[in-house]
Amino acid sequence: MMKNIEIAQILRELGGYYEMKNEPFKPRAYEKAADSVESLDEQLSQIYRAGGFKGLLTLAGVGQGIAEHIEELLQTGRLKKYEALKRKMPVNLTELTSIGGIGAKTAGELYKKLKVKNLKDLKKAVAGHKLARIKGFGKKTEENIAKALDVQGTFTKRYLLGYIYPIIEKLRVKLENSGKFTKLMVGGSYRRRQETLGDIDILAVAKHEKQAIEYFTNLPEAGRVLRRGGLSEIKLFNGIQVDLKIVPESSWGAAAVYFTGDLAHNIKMRKMAIERGLKLSEYGLTPASPPPHEGEEGRRSRRGGKSRGIAKFKTEEEVYNSLGMDWIPPELRTDSGEIEVAQKGKLPKLIDYGDVRGDLQVQTNWTDGTASIEEMARAAIELGREYIAITDHTKTLAMTGGLDEKKIREQGKEIDKMNAKFQISNVKFRILKGAEVNILKDGTLDIADSTLAKLDVVGASVHSHFKLSREDQTKRIIRALSNPNVDIFFHPTTRIIQRRDPIDFDFVQILKAAKKYRVALEINAYPDRLDLHDKMIRQAVEAGVKLVINTDAHATKHLGFIQFGEAQARRGWARRGDILNTLSADALLKYFKK
DNA sequence: GCCGTTTTCGGCCCGACTGTTTTCAGTCG
């Protein structure tokens with residue numbers, strides 16, 4: 001059965017073919033459908049099985065035509081239309097358009113003139129200096145493509161937010177303290193707190209533009225300077241690209257909106273402006289331009305965007321308000337309904353950074369952690385936490401030296417001692433007894449119920465049998481959640497970003513079970529987990545299932561990851577009330593008592 | 001090809017940059 005990612009690629013390539021043919025609008029339609037398919041949580045095959053052709057039509061950007069394509073692909077594994085186009089133009093578009101500066105049209109020209117079908121052909125053509133001779137190409141174009149081909153080997157990977165964060169924060173503070181800027185903000189996917197980042201966009205108002213650019217491009221952190229100017233680009237030594245865009249104070253609001261929302265959010269915002277007879281850009285709001293055929297006047301305002309009558313905004317609030325909606329938190333700016341809800345003034349009050357009061361998944365040197373119980377506790381106190389739960393692995397996770405029932409009891413005694421010590425020295429902090437127990441293949445747990453019953457917090461997690469069928473996996477997990485000792489389902493999907501796919505289960509069923517058995521789902525804040533992810537969090541919130549945010553710390557410095565879990569919760573529209581460990585330890589334990 | 005608190009037809013985001021042009025097309029974010 002074809003996977004979403006394969007189907008999305010074919011749709012995208014179809015769009016490319018239409019682009020080559022200079023068809024208007026179709027390319028965008030296919031691209032949009034491809035994006036939509038790619039971002040699905042469920043497999044198309046699943047949606048099709050459950051809802052048939054109508055199920056496909058419910059997807060954003062998928063109408064009659066594309067739904068038919070998808071149906072054909074699912075049923076036969078092939079698409080006649082695609083194959084016909086491919087026969088006429090046997091070009092590997094995905095490959096060729098991955099080269100910077102080459103889009104579908106250029107690829108089409110290269111095929112028509114030079115029979116270039118793929119990267120190999122392209123390299124040969126460039127080496128033979130054949131490009132420069134094509135009309136409309138020239139020497140410079142050939143050089144640029146040659147360069148882009150070189151760069152391709154070291155192609156741009158994405159970075160985990162949690163690992164890049166401290167580097168960028170340091171840079172941000174440095175820039176702010178440099179005295180060169182009156183305003184500065186890290187925007188883009190960083191401000192939206194996406195799981196991974198491609199590059200870093202910084203927006204700033206400069207005191208003296210020239211000096212500011214000079215300062216930025218001469219930073220010792222800058223390994224390479226790619227561009228100098230109102231838009232400057234540097235590459236740090238670790239390879240991450242940082243762009244600095246200098247804007248006038250007067251259009252700060254519009255620029256901040258523009259450089260924060262993702263593509264879809266920005267497009268929707270501009271549509272909102274159009275509905276009001278306006279045009280939104282990074283400079284502000286202008287009256288919509290006259291139709292293009294009106295000559296000089298129309299052309300000028302179409303290009304510069306700096307024509308008369310521009311309404312500028314100093315704050316983001318002003319931009320959102322003037323388009324008839326409330327200010328939208330950056331983490332929500334992904335066109336996932338936030339604009340419509342903001343128009344009704346119904347955005348939820350999201351959980352805030354710092355709202356989490358305790359950490360309920362912490363490993364120590366009793367298993368695969370690096371620090372002792374006391375060291376972890378002290379570090380948590382340092383960060384202002386009120387409690388932590390020690391949740392070392394259990395016995396079937398042999399590689400970590402998982403604890404058995406006897407060891408768990410021993411550890412409990414040590415925790416009692418520590419808590420007594422805190423009480424005597426009047427430290428308001430509590431260590432909870434817990435465990436991260438393994439869900440076995442059949443859904444039973446690897447620690448006896450009598451032992452689990454004495455713990456404060458029991459987290460259950462999947463560490464084996466990742467490849468069970470959807471049905472078996474769902475059944476197995478529900479059985480584990482039905483154990484009355486289980487309080488939290490740890491890192492539910494087990495995905496590891498850029499390394500391991502999520503396991504397959506029926507999330508709706510899991511949510512029902514979690515609600516029925518009063519089990520909280522974890523938002524694991526560890527940078528390469530962030531599990532649950534945003535859409536699932538939103539589903540859980542809508543289903544009324546409670547969540548917790550934990551770091552899964554294996555060392556003291558990991559305890560600071562909590563903010564990335566809070567960010568993830570915000571991206572999933574969670575409010576403080578949805579997150580159990582925003583409660584005091586007493587209230588939390590009362591909830592877990594069931 | 002998709003989509004609709006004005007529309008089942010007639011629209012479809014905006015601007016910068018680059019290279020090749022002498023007024024514009026393609027690519028990118």
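The chains referred to below are lettered A, B, ... by the order of the sequence lines, with proteins before strands, and numbering in each begins at 1.
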Would you mind classifying the nucleic acid contact of [X] as base, sugar-phosphate or nothing, using non-hydrogen atoms under 4.0 angstrom?
X      : answer
A:E275 : nothing
A:K26  : base
A:I102 : sugar-phosphate

What does B:dA16 pair with, Watson-Crick or G-U, if both distances are under 3.5 Å? B:dT27
What's the closest nucleotide to the [X] side chain, out of [options]?
X      : options                : result
A:S281 : B:dG26, B:dG15, B:dG1  : B:dG15
A:N144 : B:dC2, B:dC14, B:dG19  : B:dG19
A:T106 : B:dC14, B:dT27, B:dG19 : B:dT27

[N] phosphate, OP1 or OP2: any side-chain N/O from [X] under 4.0 angstrom?
X      : N      : result
A:R227 : B:dT18 : yes
A:Y30  : B:dC12 : no
A:T141 : B:dT18 : no

Heavy-atom nearest nucleotide on DNA chain B for A:G100 versus A:K139: which residue maps closer to 5'? A:K139
The answer to which of A:K245 and A:L263 contacts DNA chain B further toward the 5' end, by nearest nucleotide, is A:L263
Length of the CG-C1' vector between A:D243 and B:dC17, whole Å: 14 Å
Can you check whether any acceptor in the base of B:dG15 is under 3.5 Å from a donor in the side chain of A:Y258, or vice versa?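 Side chain to base: no pair below 3.5 Å.
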Can A:Y30 and A:Y17 be said to form a ring-ring contact (aromatic ring centres under 6.0 Å, His included), step by step? CA-CA 10 Å; A:Y30 276 94; A:Y17 278 116; over 10 Å; no
Report yes if some heavy atom in the side chain of A:K279 is under 4.5 Å from a heavy atom in the side chain of A:L285; otherwise report no.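 Counting from C-beta outward, A:K279 and A:L285 never come under 4.5 Å.
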Test item: A:I10 and A:L79 side chains (from C-beta on) under 4.5 Å apart, heavy atoms: yes
Is it true that A:Q241 and A:D243 share a donor-acceptor pair across their side chains at a distance under 3.5 Å?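 Yes - a donor-acceptor pair under 3.5 Å links their side chains.
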Is A:F25 stacked on the base of B:dC2, meaning ring centres closer than 5.5 Å and planes within 30 degrees of each other? no
Between the protein and nucleotides 3-5 of chain B, which nitrogen or oxygen pairs come in under 3.5 angstrom?
unit_1: B:dC3; atom_1: OP1; unit_2: A:G61; atom_2: N; d: 2.6

Taking the side chain from A:N4 and the backbone from A:E42, do they hold a donor-acceptor pair closer than 3.5 Å? yes
